[in-house]
There are 2 protein chains.
Amino acid sequence: MELVSQSRSFGGWLKRYRHQSTCLDSSMIFAIYLPPQAEKGPVPVLYWLSGLTCTDENFMQKAGAQRIAAELGLAIVCPDTSPRNTGIATEDDEIDIGTGAGFYLNATEAPWNKHYQMYDYVVDELPQLINANFTLSDKCSISGHSMGGHGAITVALKNPGKYCSVSAFAPISNPTGTERGEYRFSTYLGKDKSTWAQYDASLLVANAKEKLPLLVDQGDKDEMIEGLRPEALREACAAADYPLTLRMQAGYDHGYFFVATFIEEHLRYHASALGLKA
Amino acid sequence: MELVSQSRSFGGWLKRYRHQSTCLDSSMIFAIYLPPQAEKGPVPVLYWLSGLTCTDENFMQKAGAQRIAAELGLAIVCPDTSPRNTGIATEDDEIDIGTGAGFYLNATEAPWNKHYQMYDYVVDELPQLINANFTLSDKCSISGHSMGGHGAITVALKNPGKYCSVSAFAPISNPTGTERGEYRFSTYLGKDKSTWAQYDASLLVANAKEKLPLLVDQGDKDEMIEGLRPEALREACAAADYPLTLRMQAGYDHGYFFVATFIEEHLRYHASALGLKA
């Protein structure tokens, strides 16, 4: 790991590191916020998964989360949203395929399958790296925005017992239920739709082995809402008796001003599940 | 005025407008945050002046100020940092001259003098536009970061009675005391140094007609600190018996993570001076 930058923030440290990822076969940068309490002993960690076009920087710069994390004694880790500069010829051609659009899945289709293994990266490789290099407790939670909300929910549902809590902002809730989602999944996973369900939150809840309560905030003026399909998630959770709190926030759009407005409630929600005084 | 964008933020509205500035002879964008209280009646306003390379967006995206402004009932206005696309051939050649580098002064030298009248814009034209289009009280305060900290302090010192309070983050405190500052001022104001003092905080305090207390936060790991000269401001204020609270913040650098860490204290400071419950 190579330190890229560090800044004091709310009495703690925001640090960015570059490392060579094995499963992605790519150089990757992640950000970690270490609250002041991390200097005295292990703290739990929240993994934050960002949306399309984002890097490790967007959340740390725009959400205002460090203030609350510093109060709570919570570390936050932000991975990048895809490998970069992989040499795949079309990686920068479309905003929602390739660079910045890893969708937190393991691609099986060429040319993506050599590098686009973001599910393994986020679930296994990155946490191992984090735990080996920072003094953190064994408790973690996960959250994210848009494509990253999709990532947070699907990762939590596929890994019962791993996360103490899960939440999402405006998640892509039912990617197989839209034309564009079908295009993305067929690009990364091939045309056999049976392989798609493992990365679709609204399809996964039916067979969830652990009913970790799901907190979702969704702006009702979200310009992307047709592609997000929050109602599909609501219906799937109702059918599966899965505990979902879906809050439609009046007047809010898809951007980071929406995330910043409600991040405090999410962080306190996670802190409580992580055994912190929230 | 033309609405460029609007987003709900902490129960209020963040809006960006484009308008044609007379004194700058340029199309300009500004941002205004209207807290929820603005729907019920007039609220006071804080003018925030940003630093080099910034637009109206940096502070609103990165400082986390809307949360506190929404609690306090405080509007915030962020102007851009210069006119743009003026047609001046060299406007984009140097990071600290031209675009993004208006220095909140009225340029007298060609070719800058036709457009670079940011002092008049920030002190007169923009507030008139704001007051004509939004229901604000007659109370305002001013703050800023780096070049914008210089702007906030010099504007407040030159306009006794206009602002209820003034503060700054890592301000350029003594521009005439550095080689680069001399280069900038000679570019905009010409070689007659007697015209420079009106835009130098450390020179203005000696003749201040009103001793508005000055709150300044400065990171002691600020990579720009040699060009900022906080000690010159400290010495000038001591010599002039001018009330200055200069807080050296251990470990903090020049960036927005520093601003975000301390913005709440500044906003409460201004709110108190503006008659709000802080």
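All chains are named by letter (A, B, ...) in the order of the sequence lines, taking the proteins before the strands, and each is independently numbered beginning at 1. All figures in this text were calculated on a predicted structure; none of them were measured in a lab.
Between Tyr121(B) and His19(B), the ring centre distance stays below 6.0 Å. Taking the ring centroids of Tyr17(B) and Phe30(B), they lie under the 6.0 Å cut-off. For Phe169(A) and His150(A), the ring centers are positioned 6.0 Å apart or more.
Most heavy-atom pairs under 4.5 Å with chain B: of the set Lys221(A), Glu264(A), Arg67(A), this distinction falls to Arg67(A).
If you check the side chains of Asn58(A) and Ser50(A), you find no donor sitting under 3.5 Å from an acceptor.
Counting only distance, with no hydrogens or angles, the side chain of Thr81(A) and the backbone of Cys54(A) share a donor-acceptor pair below 3.5 Å.
For chain A, no part of Tyr256(B) is nearby; none of its heavy atoms comes within less than 4.5 Å. Proximity to chain B (any heavy atom under 4.5 Å) is shown, for Phe10(A), by both the backbone and the side chain. For Gln6(A), the part sitting under 4.5 Å from any heavy atom of chain B is the backbone (N, CA, C, O) and nothing else. If you measure heavy-atom distances from Ala250(B) to chain A, the contacts under 4.5 Å come from the backbone alone. Neither the backbone nor the side chain of Ala63(A) has a heavy atom closer than 4.5 Å to any heavy atom of chain B.
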